[in-house]
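Being a predicted model, the structure only gives us computed values, none of them experimental. Residue numbers run from 1 in the order of the sequence given.
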Amino acid sequence: MIDIRTGRPATLARRGMVSSPHSLASSAGVDVLRAGGSVVDAAIATSAVLAVIYPHMTGVGGDAFWLIHDAKSGKVRFLDGGGRASRHADLGALRQQGISEIPFRGILPATLTTPGAVSSWGEAHKAYGRLPLSRVLASAIDYAREGFVITARVAGWLASCEADLMPHEYSRQLFLAKGPLKAASVFSNPGLARTLEAIASDGAQGFYRGEIGRMLADFSLSHGGVFDSDDLAAQYASWGEPICGTYRDLRLYETPAPTQGFTVIQMLQILESFDLPNKGYLSPEHVHLLVQAKQIAYHDRDRYLADPRFSDVPMHRLIDPSYAADRRRLIDPHRALPWDKVPSYGSLKGDTIYLAVADAEGNAVSLIQSLYGAFGSAVVAGETGVVLQNRSAYFSLDPAHPNRLEAGKTPMHTLIASMGFKNDQLWSVLGCMGADGQPQIQLQAYVAMLDYGCDIQEALETPRWLSGRFALGESRDTLHIESRFPQETIDELERRGHRLNRWGPWHELAGHAHGIVIDPINKVLAGGSDPRSDGAAIGW
């Protein structure tokens, strides 16, 4: 694991800002802003570069969800870029084969759902793009064709995932031809360059139809996969309404079902009646109360959350403050709430990228994109250079569960993105990677800023905890905690019944969070970037 040392200040700028988990991607986004591009152009440019240079976290073979703030209308729009299950998806057939849960790796999760991210790029660009896609994707195409330098972090993930990648011919050829790539080596992906060129030329249809679409469909067919050309052609991104709640003087927007965004709102509403500032920053009470709120909200998530086109998700009830008040009664201020009192399931394991973009006019993008697991399914789709996601592994094969596998359905998503407003003015653009950890990380960052006066960089650098399990053998009560918390806090949490997994001072599995905060008076943009990543907040 990388030895992380930091203490850097927030990045301050006036005209525009991009924060993402890799400095080269943030730089590409700012370059597009300086060229006259919109915040959406910058977000696509940043996301596309990350798809090339952070292949363990994201890619064009994954899904994406957006919040977009249009300063002229004053509205926040939600864009759903979730991939949908193939029309050939059949829960009963899988169960008859003796499959009790969808595997985490391999051709089944790779092709059970179609990639959704590129369709969202196309929709967002049609609505808000100012520059042609050929200009927006230029940096990503260049890095894919000419190569880029592998960071120590990416090299570490390649080494740790070697056994997952090795069984798949094209994955092995691309990533392991000479063994796992070392830090500072140069890596290129010519097949992905051609795929990105097709998108630059023909938009989303250049990916889902035409030569690239045929290559993806042929690869699926020849390797016993599920999706076909008709499934790819039917993939589309859809506009919708975000969900909204309040905490203190903040109005917070989150991505709705099928994502878990409601849990952030519910957790904050559960905590609102507690006087957190007087509990002490990083105190046992501070951590204890947040962990209990998490346990309660995740119980509701696992019981109700699914694709709202297929299931009745009681979203209005879940983000109703009166419901939060009822759920708050479960909290014991002196003892940890046992997991079996609020039964749940899930895993913290997963990899994602989040990026934030804002400009001087008040336009902003909060974008989350992912392959789900590290290197997704571990399957590279032939000569396309596309790493296919494994998001369908989140489907349930229980016929009675609302998140059960069904043709055309999007699985429950851990991906979430947020935007916050104060006095009707855009204040925050914030998100993170970390699968089940994402709402927990947002919660900690917002509480740090709103209750303890941290700036955005301080909030992202603060010691972090994650509640839940990373592996099937771990207890669901496990509280993973960085050792930078005061020792008396760690000791008291254990005394209160929390099952602790003590991390070192910094731990990458605690997630990569990034964000921008806008000063409501002088409109200065303050960008923060997580030192647990290779990222940077870059402005101009």
Side-chain angles (χ1 to χ4, degrees), residues 1-6 8 10-11 17-27 29 43 46-47 49-59 62 64-65 150-158 160-161 260 264 348-357 365-376 414-418 428-446 448 456-466 468 470 480 482 484 503-516 527-538:
M1 205 52 80
I2 305 287
D3 182 22
I4 303 170
R5 302 174 187 273
T6 188
R8 57 192 177 191
T11 300
M17 182 80 69
V18 179
S19 184
S20 84
H22 199 295
S23 57
L24 294 181
S26 297
S27 180
T46 305
S47 181
V49 169
L50 288 166
V52 176
I53 67 179
Y54 243 38
H56 60 306
M57 293 283 179
T58 188
F65 296 91
I150 292 285
T151 66
R153 183 166 278 106
V154 176
W157 280 105
L158 273 167
S160 67
C161 294
Q260 60 181 339
V264 182
L348 295 166
K349 187 176 181 181
D351 295 287
T352 301
I353 63 92
Y354 171 80
L355 64 94
V357 184
V365 166
S366 191
L367 171 60
I368 190 88
Q369 185 167 325
S370 177
L371 295 171
Y372 183 30
F375 294 99
T414 55
L415 300 184
I416 58 173
S418 78
S428 64
V429 188
L430 177 70
C432 53
M433 61 79 81
D436 284 359
Q438 290 183 40
Q440 304 179 54
I441 298 167
Q442 280 198 27
L443 173 70
Q444 292 171 73
Y446 275 116
I456 180 64
Q457 188 62 42
E458 292 168 338
L460 301 185
E461 291 190 9
T462 195
R464 194 172 290 162
W465 55 264
L466 287 183
F470 281 92
H480 311 267
E482 291 181 331
R484 290 180 296 123
W503 280 334
W506 297 86
H507 203 291
E508 185 177 354
L509 293 182
H512 303 167
H514 307 277
I516 301 168
S529 181
D530 202 316
R532 300 169 186 84
S533 73
D534 294 312
I538 299 177

Of all heavy-atom pairs linking Ala445 and Ala459, the shortest is O-CB, 3.8 Å
Backbone N/O of Ser533 and side chain of Glu508: donor-acceptor pair under 3.5 Å:
no
Please check if the side chain of Ser418 supplies one atom and the backbone of Leu430 the other of a donor-acceptor pair under 3.5 Å.
yes
Please name the residue in the list Glu461, His514, His512, His22 that meets the side chain to side chain donor-acceptor pair (under 3.5 Å) test with Ser529.
His514
Side-chain contact test, heavy atoms from C-beta onward, threshold under 4.5 Å: evaluate it for Val18 versus Val357 and give yes or no.
yes
Side chains of Ser19 and Tyr354: donor-acceptor distance under 3.5 Å anywhere?
no
Taking all atoms of both residues into account, what is the closest heavy-atom pair of Gly527 and Ile456, and its distance?
C-CG2, 3.9 Å
Contact check, side chains of Leu367 and Ser47, non-hydrogen atoms, under 4.5 Å:
yes
Taking the side chain as every heavy atom from C-beta outward, state whether Met57 and Leu50 have any pair of such atoms under 4.5 Å apart.
no
Separation between OG1 (Thr58) and CD1 (Ile53), nearest 0.5 Å, reads 11.0 Å
Backbone N/O of Trp465 and side chain of Gln444: donor-acceptor pair under 3.5 Å:
yes
When every non-hydrogen atom of Thr414 is compared with those of Gln260, the smallest separation belongs to O-NE2, 2.7 Å
At what distance, to the nearest 0.5 angstrom, does SG of Cys432 lie from CD1 of Ile353?
12.0 Å
Here the pair of heavy atoms bringing Thr46 nearest to Ser26 is CG2-N, 4.2 Å
Between Asp530 and the options Arg8, Arg464, Arg153, the salt bridge (Lys or Arg N to Asp or Glu O under 4.0 Å) test singles out Arg464
Find out whether His56 and Leu158 are in side-chain contact, i.e. whether some heavy atom of one side chain is under 4.5 Å from a heavy atom of the other.
no
Check for a donor-acceptor pair, side chain of Ser366 on one end and backbone N or O of Val429 on the other, with a separation under 3.5 Å.
no
Is there a donor-acceptor contact under 3.5 Å linking the side chains of Ser428 and Tyr446?
yes
Which distance, rounded to the nearest 0.5 Å, do you find between the CG of Leu466 and the CD of Glu482?
8.5 Å
Given side chains that start at C-beta, do those of Tyr54 and Ser20 come closer than 4.5 Å, heavy atoms only?
no
Can you name the residues that form a side-chain hydrogen bond (donor to acceptor under 3.5 Å, both in side chains) with Thr462, not counting sequence neighbours?
Tyr281
To the nearest 0.5 Å, tell me how far Asp534 CG sits from Ile150 CD1.
10.0 Å
Separation between CD1 of Ile368 and CD1 of Ile416, rounded to the nearest 0.5 Å:
7.5 Å
Spacing of CD belonging to Gln438 relative to CD belonging to Gln440, to within rounding of 0.5 Å
10.5 Å
Which of parallel (below 30°), tilted (30 to 60°) and perpendicular (above 60°) describes His507 and Trp503?
parallel
Is the closest side-chain heavy-atom distance between Gln457 and Pro531 below 4.5 Å?
yes
